[in-house]
Every structure is written in C-alpha cells, then in structure tokens.
Amino acid sequence: MDGVEAVLFDVFGTVVDWHGSVVEELKRLPVSDAAINPDWQSAFATEWRKGYLENTARIAKGTNEEGPRSVDELHRQILDSMLSSPRWSQIGSSLDEAQRADLNLVWHRLHGWPDSAPGLNALKRHVLICSLSNGNVRLLADMAKFASLPWDIVFSAEMFASYKPNPTVYLGAMHHLSLDGKPEKCVMAAAHIWDLEAAAKLGMKTVYIPRPGKISSSNSRSRRRTREALSMSLFTPFQSWQNCLGAGLIIIVYTYFVRCLGPTILRQIVFFFHIHDLLRVNRFFTLIV
C-alpha cells in the first residue's frame with residue numbers, strides 16, 4: 001500500500017444499493033398494482049437504470065455526443081419518456097408534476113450497503129477517500145448526507161463535462177488531487193468491470209468490490225473480464241486493513257493479492273476463506289480463478 005494517496009470509489013451499485021432503494025420508493029407511489037405486474041417496481045427501476053447506462057455510455061464516447069451532463073436532468077428525461085410509453089402509461093397518469101419531480105430525486109436518497117459507511121470511515125484514516133461517480137455534484141452531496149458516506153472529496157463526472165469511462169473523468173480527478181502523471185498513487189474501486197478497465201488503462205490501481213447481481217457464475221464473459229481487470233491491479237497487501245474494514249470491503253484487501261501471488265497462491269486464499277466460512281468471498285474467488 002506504500003505510496004497510495006487516494007482511493008476513488010464508484011458509487012451507484014458499489015457503495016449504495018440503487019436497485020433496492022429505488023424499488024422501495026416506487027412501492028410508496030399512489031399506484032394500484034392490480035392491473036400491473038406485481039413485481040413492476042423492479043422492472044421499472046431496471047429499465048430506468050438501463051436508460052441511464054446507455055445514455056452515459058453514448059455521451060462518454062466523445063464531446064460531440066448530445067445529452068445533458070447532469071444526471072438529474074438525464075434521469076428526468078428518461079423518466080418522462082418511460083411514463084409516456086405504453087408499458088408505463090398507467091403509472092404516468094397517476095403522477096402529477098410534483099410527484100414526478102420528487103420521484104426523480106430518489107437517486108439522491110439511495111441507501112448504502114451495510115458495510116459501506118463503516119468501511120469508508122475506517123479506510124479514511126489511511127488515505128483520502130473520494131467519490132468518482134457519473135452522478136452530478138448535488139446528487140452525490142445529498143446522497144452522502146442521506147447514507148452517511150464520509151467522503152473527503154466529492155468528484156463528479158459533471159465537473160469534467162463527460163461521463164465515465166471517458167478518460168477525462170479519471171484524469172480530471174487525479175489533476176484535482178495534484179497527482180497528474182502519478183496514477184499509481186490512485187486506486188479506482190468499483191463493482192463494475194468496465195470502470196476498472198478504463199482506470200487501469202490510465203495506470204491507476206484497481207480494486208473489484210463484488211456486490212449482489214454484478215457477476216454471474218454462468219457468464220463466462222463476465223468471469224473473463226473480471227479476471228483481466230484484476231490482473232491489471234498492481235496493489236500489494238496492506239494487512240492492517242483486515243482489522244478495520246467491514247464484511248464487504250474486506251474483500252479489497254485480498255483482491256490486492258491477485259497480481260502479487262499468482263493463481264497457485266490465490267487458490268490457497270480461496271481455501272483460507274472457505275475454512276473460515278466466509279462464503280461470500282469464497283464464491284467471488286471461485287468465479288475468477
């Protein structure tokens with residue numbers, strides 16, 4: 001861990017549970033489930049998120065791509081489009097403007113994963129901890145207060161007029177950290193392989209944080225991409241973190257071993273986790289070995 005000065009965290013899905021949080025708020029809407037699929041909230045949240053991912057990926061490809069650089073604006077455009085579609089028109093007809101505006105702010109009220117706040121509080125005793133998210137600045141600030149996320153610095157892609165995985169976002173954050181030309185002093189931590197791949201190409205160290213639904217054992221492409229992304233991580237072990245990180249973020253410590261120890265030792269780490277009955281970690285390493 002010597003020389004690392006900052007850890008940059010993706011937020012949606014990595015630090016906060018966007019799906020569970022949005023679903024819970026949708027359940028409070030004054031909408032009858034009788035004429036809709038009883039599990040419509042999950043489908044609605046997933047479609048909303050899919051629109052966000054497609055649009056941010058498109059805009060990230062170049063500065064000439066049209067679209068708002070504020071995720072609040074982007075989320076509202078997608079929401080209005082969905083509510084006017086045949087699939088969701090019944091819900092759309094049930095919501096007035098004030099209710100739509102409030103629903104759009106659900107992304108400011110996302111709950112952190114149980115280990116996020118404790119892990120981040122422990123981690124910030126050692127390094128700077130920063131968000132590096134496609135969420136806009138106000139969204140991230142509100143979310144930090146709502147979910148008790150103790151960021152030292154809030155970095156938003158909005159500050160750099162693009163979205164991840166455009167390199168300008170990662171480079172811009174390193175510039176504001178006074179780490180231009182020193183990517184090895186920065187870590188990108190995320191539950192998304194594409195995010196880690198983009199950071200690693202710039203020389204940043206990478207940490208994969210597995211979260212529910214982010215990788216499937218039946219998806220060989222996901223396993224391969226995870227393995228490739230982790231092979232780009234140049235971290236060395238920092239054992240003292242083992243005693244201070246939460247159940248989820250403790251995985252970070254052992255992810256560092258991937259490059260240093262190689263497949264043979266990695267399998268021994270799997271066995272170590274197994275005999276201690278840390279099943280979640282064991283399942284993760286079973287996917288990538």
Open item on the list: Checking Ala147 now: which residues fulfil side-chain contact (heavy atoms from CB on, under 4.5 Å) with it, not counting sequence neighbours?
Closed with: Leu149
Task: Contact summary for Ala60 and Ser162, nearest pair of heavy atoms - done: CA-OG, 3.7 Å
Open item on the list: Is there a side-chain contact between Leu202 and Pro167 in this structure, where contact means two heavy atoms from C-beta onward sitting under 4.5 Å apart?
Closed with: yes
TODO: Following the transitive rule for hydrophobic clusters with a side-chain heavy-atom cut-off under 4.5 Å over Ile, Leu, Val, Met, Phe, Trp and Tyr, establish whether Leu179 and Val169 coincide in one cluster.
DONE: yes
Task: Heavy-atom check, side chain of Trp194 versus side chain of Pro165, under 4.5 Å - done: yes
TODO: Quick one: do Asn55 and Arg58 satisfy side chain to side chain contact (heavy atoms under 4.5 Å, CB included)? Show the steps, please.
DONE: CA-CA 5 Å; Asn55 280 279; Arg58 173 182 57 79; 3.0 Å; yes
TODO: Check step by step if side chain to side chain contact (heavy atoms under 4.5 Å, CB included) holds for Leu123 and Phe9.
DONE: CA-CA 12 Å; Leu123 186 58; Phe9 283 86; 3.5 Å; yes
Open item on the list: Check whether Ser116 reaches the backbone of Val15 with its side chain - one donor and one acceptor, N or O, closer than 3.5 Å.
Closed with: yes
Open item on the list: Is there a continuous path of hydrophobic side-chain contacts, each under 4.5 Å between heavy atoms, that joins Val106 to Trp40?
Closed with: yes
Task: Beyond-backbone contact of Glu47 with Arg87, side-chain heavy atoms, under 4.5 angstrom - done: yes
Open item on the list: According to ring-ring contact (aromatic ring centres under 6.0 Å, His included), who are the partners of Tyr52, at least two apart in sequence or on a separate chain?
Closed with: Phe12, His75
Open item on the list: I need the full list of side-chain hydrogen bond (donor to acceptor under 3.5 Å, both in side chains) pairs touching residues 146-155, with sequence neighbours left out, sorted by first then second residue.
Closed with: Lys124-Asp152
TODO: Would you mind checking if Lys205 and Glu5 are paired as a salt bridge, meaning a charged N to carboxylate O distance below 4.0 Å?
DONE: no
TODO: Compute whether any side-chain donor of one residue and acceptor of the other, for Asp195 and Tyr170, lie under 3.5 angstrom apart.
DONE: yes
Open item on the list: Let me confirm one number: the CG-CZ distance from Asn134 to Arg69, rounded to the nearest 0.5 Å.
Closed with: 11.5 Å
TODO: Indicate yes or no for a side-chain donor-acceptor contact from Gln99 to the backbone of Asp96 under 3.5 Å, with no hydrogens or angles considered.
DONE: yes
Task: Ser93 side chain to Gln90 backbone, donor-acceptor under 3.5 Å - done: yes
Task: For Ser131 against Val11, the heavy-atom pair lying closest together - done: CB-CG2, 3.8 Å
Task: Side-chain heavy-atom pair Thr56, Lys164 within 4.5 angstrom cut-off - done: no
Open item on the list: Measuring only between side-chain heavy atoms, which start at C-beta, is Leu103 closer than 4.5 Å to Arg76?
Closed with: no
Task: Nearest non-hydrogen partners of Asp180 and Leu171, listed with the distance - done: OD1-O, 4.4 Å
Open item on the list: Check whether Asn104 reaches the backbone of Arg100 with its side chain - one donor and one acceptor, N or O, closer than 3.5 Å.
Closed with: no
TODO: Carefully, step by step, assess His176 and Ile153 under the rule side chain to side chain contact (heavy atoms under 4.5 Å, CB included).
DONE: CA-CA 10 Å; His176 285 292; Ile153 307 170; over 6 Å; no
Open item on the list: For the CE atom of Met143 and the CG atom of Leu139, what is their distance to the nearest 0.5 Å?
Closed with: 4.5 Å
TODO: Would you check, one step at a time, whether the test ring-ring contact (aromatic ring centres under 6.0 Å, His included) holds for Trp48 with Trp107?
DONE: CA-CA 11 Å; Trp48 199 357; Trp107 301 95; 5.3 Å; yes
Task: Pairwise side-chain contact, Tyr163 with Leu74, heavy-atom cut-off 4.5 Å (strictly under) - done: yes
Could you give the side-chain donor-acceptor pairs of residues 181-188 under 3.5 Å, partners two or more places apart or in another chain?
none

- [ ] Group every Ile, Leu, Val, Met, Phe, Trp and Tyr by side-chain heavy-atom contacts under 4.5 Å, then state whether Leu83 and Leu29 land in the same group.
- [x] yes
Open item on the list: Under the criterion salt bridge (charged side-chain N to carboxylate O under 4.0 Å, His left out), I'd like the reasoning laid out for Asp102 against Arg28: C-alpha separation, chi angles, the key distance, then a yes or no.
Closed with: CA-CA 12 Å; Asp102 182 67; Arg28 302 190 187 103; over 6 Å; no
TODO: Group every Ile, Leu, Val, Met, Phe, Trp and Tyr by side-chain heavy-atom contacts under 4.5 Å, then state whether Leu105 and Val154 land in the same group.
DONE: no
- [ ] In plain terms, say whether Lys27 and Glu24 are close enough for a salt bridge, that is, a side-chain N and a carboxylate O under 4.0 Å apart.
- [x] yes
Open item on the list: Quick check for you: to the nearest 0.5 Å, what is the distance between Leu132 atom CG and Leu177 atom CG?
Closed with: 9.5 Å
- [ ] Working to the nearest 0.5 Å, report the span between NZ of Lys50 and CE of Met82.
- [x] 11.0 Å
- [ ] Begin from the C-alpha positions of Arg211 and Asp10 and carry the test salt bridge (charged side-chain N to carboxylate O under 4.0 Å, His left out) through to its verdict.
- [x] CA-CA 12 Å; Arg211 292 302 190 188; Asp10 171 69; over 6 Å; no
Task: Donor-acceptor contact present, side-chain Thr14 to main-chain Ala191, <3.5 Å - done: yes
Task: Check: Thr206 side chain, Ala200 main-chain N or O, donor-acceptor pair, under 3.5 Å - done: no
- [ ] Of all the heavy-atom pairs spanning Pro68 and Ile59, show the shortest one and how long it is.
- [x] O-CD1, 3.7 Å
Task: Within 6.0 Å of CZ in Arg138, more than 12 heavy atoms from elsewhere - done: no
Open item on the list: Holding to side-chain contact (heavy atoms from CB on, under 4.5 Å), I want the full list of residues that pass it with Ser70, two or more places apart in sequence or in another chain.
Closed with: Asp72, Glu73, Asn136, Glu158
TODO: Identify the two heavy atoms, one from Ser84 and one from Ser81, that lie closest to each other, and give their separation to 0.1 Å.
DONE: OG-O, 3.0 Å
- [ ] Measure the shortest side-chain to side-chain distance between Ser21 and Val16 over non-hydrogen atoms and say whether it is less than 4.5 angstrom.
- [x] no
Open item on the list: I'd like to know if the side chain of Asn121 reaches the main chain of Ala117, judged simply by a donor and an acceptor atom lying under 3.5 Å from each other, with no hydrogens or angles considered.
Closed with: yes
Task: Ile129 and Leu8, any side-chain heavy atoms less than 4.5 Å apart - done: no
Task: Donor-acceptor side-chain pairing of His111 and Asp17 below 3.5 angstrom - done: no
- [ ] State which residues pass side-chain contact (heavy atoms from CB on, under 4.5 Å) with Ala45; sequence neighbours excluded, sorted by chain then number.
- [x] Trp18, His19, Val22, Val23, Leu26
Task: Gap between atom CD of Gln41 and atom CD of Glu25 - 0.5 Å precision - done: 12.0 Å
Open item on the list: If I compare all heavy atoms of Leu95 with all of Pro30, which pair ends up nearest, and what's the gap?
Closed with: CD2-CD, 4.3 Å
TODO: Look at the rings of Phe160 and Phe155 and say which category their plane angle falls in: under 30° parallel, 30 to 60° tilted, over 60° perpendicular.
DONE: tilted
